[in-house]
Every structure is written in structure tokens, then in C-alpha cells.
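Let me begin by presenting the structure, written as C-alpha cells, before commenting on it.
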Amino acid sequence: HRGASVGEIVPPPREGYVLLPHESLPNGMSRAQGSQFEIAIAAIGDASLGDDVAIHTASKSMKLLRAMLRMILDGLGDDVYQRENVLLRDLARSIAPARDGFVLVQTLDTLTEGLDPTSHEAFRQRLVDEHHNRRATLMGGSSFLPDIAAELVAARDRVQDAVVTRLPVEPVHPKPAIVVKGTGRVYGRGRKGYEASMTEPLDAPLHTWRKSVKYLRHQLESLELLIAPGLVHMTLELDELGELLGDHHDIEVLLDTATGMGRSALDELIERGRELQDGLRRRALRFTLASGVYTPTKSAFKDALRAD
């Protein structure tokens, strides 16, 4: 029986997915991706972790894997990339509902500090009940988690084979052209999302921006032994920016749920949420401008990535 409590969430060890200067690209990517597959498979199979920690750990590793797939897309080929990226996305989505409710409750508690608890206690209880019900439904099936683990094992074997057979046999340092191109593509999408968010106060460009920020951070972390100090520092800035955009997204999901209930008692909560979202958006834009994370053009970023 797997515990349901939320324990301490420990991020996957960074050294597992950092490329080493002496490695070839196929060997380095095979090792780095293999480590994340193993973390996800082990987390899902470890009953001692508790549902929330296991799901968070597995989801984190799947996000790292998707970031690395984007980095070597041009070497793997679109067929391999699309198949494995979609699979990892869908696997992460299939287990996410077992923990999403916990995140909603955490977000609600942060959002309602100082408010009269009677105004939202029914809403909070509903979120808690729905979280428990979703988790019980997902985790109650005896084959659910073993099926996820089996899918990950099969994906690991396919990706490892593609990495070894399709990637060019060249050292990871200096950075291979496909790595520069793939990482630059993610940077460019993030820069477009940032620029769109300056003029469109909507969630769509922010969502694109948020995802690109996370993917780029993971990619630069994997390259931290191969890139200039300025780009290593950029990972810290992307982490902080990602937190701001992630908080904005969590509030958006919570407010969508609250709005769907159509209760006037939640009007104050919704109004406060919109105000906090606007503040988070402004903070993210100011931080990005001040830090210069997305100041370089895509071409200039790729030049910096090539440099030692």
C-alpha cells in the first residue's frame, strides 16, 4: 500500500543529467536520459515515497527528459522526437490529477491568508475531497502504476537506441551544432512568449513563455560544465522567473475552478486572485527586463552558447 501523505519533495540529483566534457554526444545523452528514466521508474515503484512525492518526482524527470529531447531534436529526427515527446507528455498528464488537487489547496491557502475562512471553507473542502477521490480512483487500480512504469521502460529502451544510432559521434565539447540549434530554438520560443506577454495580458502567451523558461533552464543545467559562467548564472535567473510564472499559472487553474462553481461567496477570492496574477505578471516582466534573460536575440544567444 502506498502512503498518501505529502513528504519532503527532493529534486532529481542534477549530476545525473549534466553532460561531461570528456563524453561523446551519444554516450553523454544516453547516460543523462537514462538516469532520468530510472528516477521516474523507481519513484513510481517505490511505495515508501507516498503518492504526492512519487508523482512529483516522476513528473519532474519526465519534464527533464522532454527538455533533453528538444535539445537533440535535429539529431533524433522528428519521428522519434514526436513519438517520445507525446508519450512522455501523456504519461505525465495521466498521473498529474493524483497530485493537482494538492497544489490547488496549497494555492488556495496562500491566496486566502487574511480572508474570512467562512467565505471559502466549502470551496476548500470540495478541493480536498476531489483530490482524495481522484487519487483513490487513479491509484486504486492495481495495474495503473505498473502500466506507467512499463511504458517508461519501453520508452527508455527506444530513446536509448535512437540516441546511440542517430546522434553524430562527436564530443559534447565544443558544443555540437544540433545541441546549439535545439537549445536556441527553445530560447527563441521563450523570447517570443516574453515579447507577446508584454502586450497581451492573457494566459496563452504566459503559458508558452512559462514552459519555454522551464525547458531552457533544464537544458542549460545539463550543459553547465560546458558553457560560459554567464549562461550558468542564467539558470538561476530562469529558476526565479519560472517560479513567478508557475505561481501565476497555479492561480489561473484555481480561479478557473472557482469561477466554474458560480458562487458569489467566492467573488472576493476571485478578485484577489486576479490582482495577484496581475502583480506576478508585472514582476515577471520587470525581472526579465532587469536581468536581461531575454535581451539577446536568438542568434546572439546561440553565439554565447557556442563560446567557452
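- In this structure, E224 and T235 have side chains that are not in contact, with every pair of non-hydrogen atoms separated by 4.5 Å or more.
- Follow the hydrophobic side-chain contacts under 4.5 Å out from M71 and you never reach V164; the two are in separate clusters.
- Checking side-chain atoms of Q125 against main-chain N and O of A122 turns up no donor-acceptor pair under 3.5 Å.
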Practice task
Would you check, one step at a time, whether the test salt bridge (charged side-chain N to carboxylate O under 4.0 Å, His left out) holds for D100 with R134?
Solution key: CA-CA 9 Å; D100 284 351; R134 286 195 197 100; over 6 Å; no
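- When all heavy atoms of V163 and S30 are compared, the pair lying nearest together is CG1-N, 3.8 Å.
- Proximity of a side-chain donor or acceptor of S59 to a complementary backbone N or O of H56 within less than 3.5 Å is not detected.
- Nearest approach of L111 to L276, heavy atoms of both residues: CD1-CD1, 2.9 Å.
- With sequence neighbours left out, R210 forms a salt bridge (charged side-chain N to carboxylate O under 4.0 Å, His left out) with no residue at all.
- Heavy-atom minimum distance, L216 versus V186: N-CG1, 3.7 Å.
- Within the model, atoms CD of E243 and CG of D239 stand 5.5 Å from one another, a figure rounded to the nearest 0.5 Å.
- Under 4.0 Å is where a charged nitrogen must lie from a carboxylate oxygen, and between D303 and R306 at least one such pair does.
- Looking at R83 and D79, no side-chain N of the basic residue comes within less than 4.0 Å of a carboxylate O on the acidic one, giving no salt bridge.
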Practice task
Determine, stepwise, if the pair F102 / T107 fulfils side chain to side chain contact (heavy atoms under 4.5 Å, CB included).
Solution key: CA-CA 9 Å; F102 169 71; T107 303; over 6 Å; no
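- Side chain of S119 to backbone of L115: no donor-acceptor contact under 3.5 angstrom is found.
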Practice task
Kindly indicate, with the supporting measurements, whether the criterion side chain to side chain contact (heavy atoms under 4.5 Å, CB included) is fulfilled by L231 and F301.
Solution key: CA-CA 9 Å; L231 290 180; F301 171 81; 4.0 Å; yes
Practice task
Show the numbers, then the answer: is there a salt bridge (charged side-chain N to carboxylate O under 4.0 Å, His left out) between D278 and R282?
Solution key: CA-CA 6 Å; D278 184 60; R282 292 175 184 276; 2.9 Å; yes
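- When all heavy atoms of L269 and A258 are compared, the pair lying nearest together is CD2-CB, 4.4 Å.
- Note on L91 and V153: same hydrophobic cluster, where clusters join Ile, Leu, Val, Met, Phe, Trp and Tyr whose side-chain heavy atoms are under 4.5 Å apart, directly or indirectly.
- Note that CG of L238 is 10.0 Å distant from NE2 of H233, once rounded to the nearest 0.5 Å.
- Going from atom OH of Y187 over to atom CG of L220 covers 10.5 Å, rounded to the nearest 0.5 Å.
- Atom-to-atom distance recorded for H207:NE2 and S197:OG is 11.5 Å, nearest 0.5 angstrom.
- In terms of heavy-atom proximity, R281 sits nearest to T199 at NH2-N, 4.4 Å.
- Other residues, nucleotides and ligands contribute at most 12 non-hydrogen atoms within 6.0 Å of the CZ atom of R189.
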Practice task
Could you walk me through whether Y215 and T183 pass the side chain to side chain contact (heavy atoms under 4.5 Å, CB included) test, one step at a time?
Solution key: CA-CA 9 Å; Y215 287 134; T183 308; over 6 Å; no
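- Between Y294 and Y194, the ring-plane angle classifies as parallel under the 30° and 60° cut-offs.
- R217 contributes no side-chain N or O that, together with a main-chain N or O of E237, makes up a donor-acceptor pair within less than 3.5 Å.
- In this structure, I44 and A149 approach most closely via the heavy-atom pair CG2-CB, 4.4 Å.
- Under the 4.0 Å criterion applied to side-chain N and carboxylate O atoms, D109 and R124 are assigned as salt-bridge partners.
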Exercise for the section: Assess whether side chain to side chain contact (heavy atoms under 4.5 Å, CB included) is satisfied between L223 and L305, documenting all intermediate values. Expected result: CA-CA 9 Å; L223 296 170; L305 197 58; 4.2 Å; yes
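- M62 CE to R93 CZ: the interatomic distance, rounded to the nearest 0.5 Å, is 12.5 Å.
- Side-chain contact between Q219 and R70: present, with at least one pair of heavy atoms (C-beta onward) separated by less than 4.5 Å.
- Legend: residues meeting salt bridge (charged side-chain N to carboxylate O under 4.0 Å, His left out) with D247, ordered by chain and number and at least two apart, are absent.
- Here CG of L255 is found 10.0 Å from CG of L266. Values are rounded to the nearest 0.5 Å.
- A chain of hydrophobic side-chain contacts below 4.5 Å, direct or via other Ile, Leu, Val, Met, Phe, Trp or Tyr residues, connects L206 to L289.
- Atom CZ of R89 sits in a crowded spot, with more than 12 heavy atoms from other residues, nucleotides or ligands closer than 6.0 Å.
- Between L87 and R158, the closest side-chain pair of non-hydrogen atoms falls below 4.5 Å.
- V86 and L76 fall into different hydrophobic clusters, where Ile, Leu, Val, Met, Phe, Trp and Tyr are joined by side-chain heavy atoms under 4.5 Å apart, directly or via other members.
- When atom types are taken as modelled, the side chain of R191 and the backbone of T295 share a donor-acceptor pair closer than 3.5 angstrom.
- A side-chain N or O of S24 and one of N27 form a donor-acceptor pair less than 3.5 Å apart.
- Between L19 and L225 the shortest side-chain heavy-atom distance does not fall below 4.5 Å.
- Side-chain atoms of S35 come within 3.5 Å of backbone atoms of A32 as a donor-acceptor pair (strictly under, hydrogens ignored).
- Put simply, the side chain of S222 does not reach to within 4.5 Å of the side chain of V18, judged on heavy atoms.
- Between the side chains of Q277 and E252, a donor-acceptor pair is found at a separation under 3.5 Å.
- Side-chain contact between F123 and T257 is present, with at least one heavy-atom pair separated by less than 4.5 Å.
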Practice task
Determine, step by step, whether E268 and R272 satisfy the salt bridge (charged side-chain N to carboxylate O under 4.0 Å, His left out) criterion, reporting the C-alpha distance in whole Å, the side-chain angles of both residues, the deciding distance to 0.1 Å, and the verdict.
Solution key: CA-CA 6 Å; E268 184 180 7; R272 173 179 281 202; 5.5 Å; no
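- Among residue pairs with one or both ends in residues 170-179, those qualifying as side-chain hydrogen bond (donor to acceptor under 3.5 Å, both in side chains) are H173-D308; sequence neighbours excluded.
- Contact annotation: the side chain of T259 approaches that of I270 to within less than 4.5 Å [non-hydrogen atoms, C-beta and beyond].
- Using a cut-off of 4.0 Å between Lys/Arg side-chain N and Asp/Glu carboxylate O, R156 and E38 are scored as salt-bridged.
- The side chain to side chain contact (heavy atoms under 4.5 Å, CB included) with L65 is formed by just one residue from the set Q36, E84, K60; it is Q36.
- Using a 4.5 Å heavy-atom cutoff, the side chains of L25 and V169 are not in contact.
- Linking Ile, Leu, Val, Met, Phe, Trp and Tyr residues whenever their side-chain heavy atoms come within less than 4.5 Å places V293 and M198 in a single cluster.
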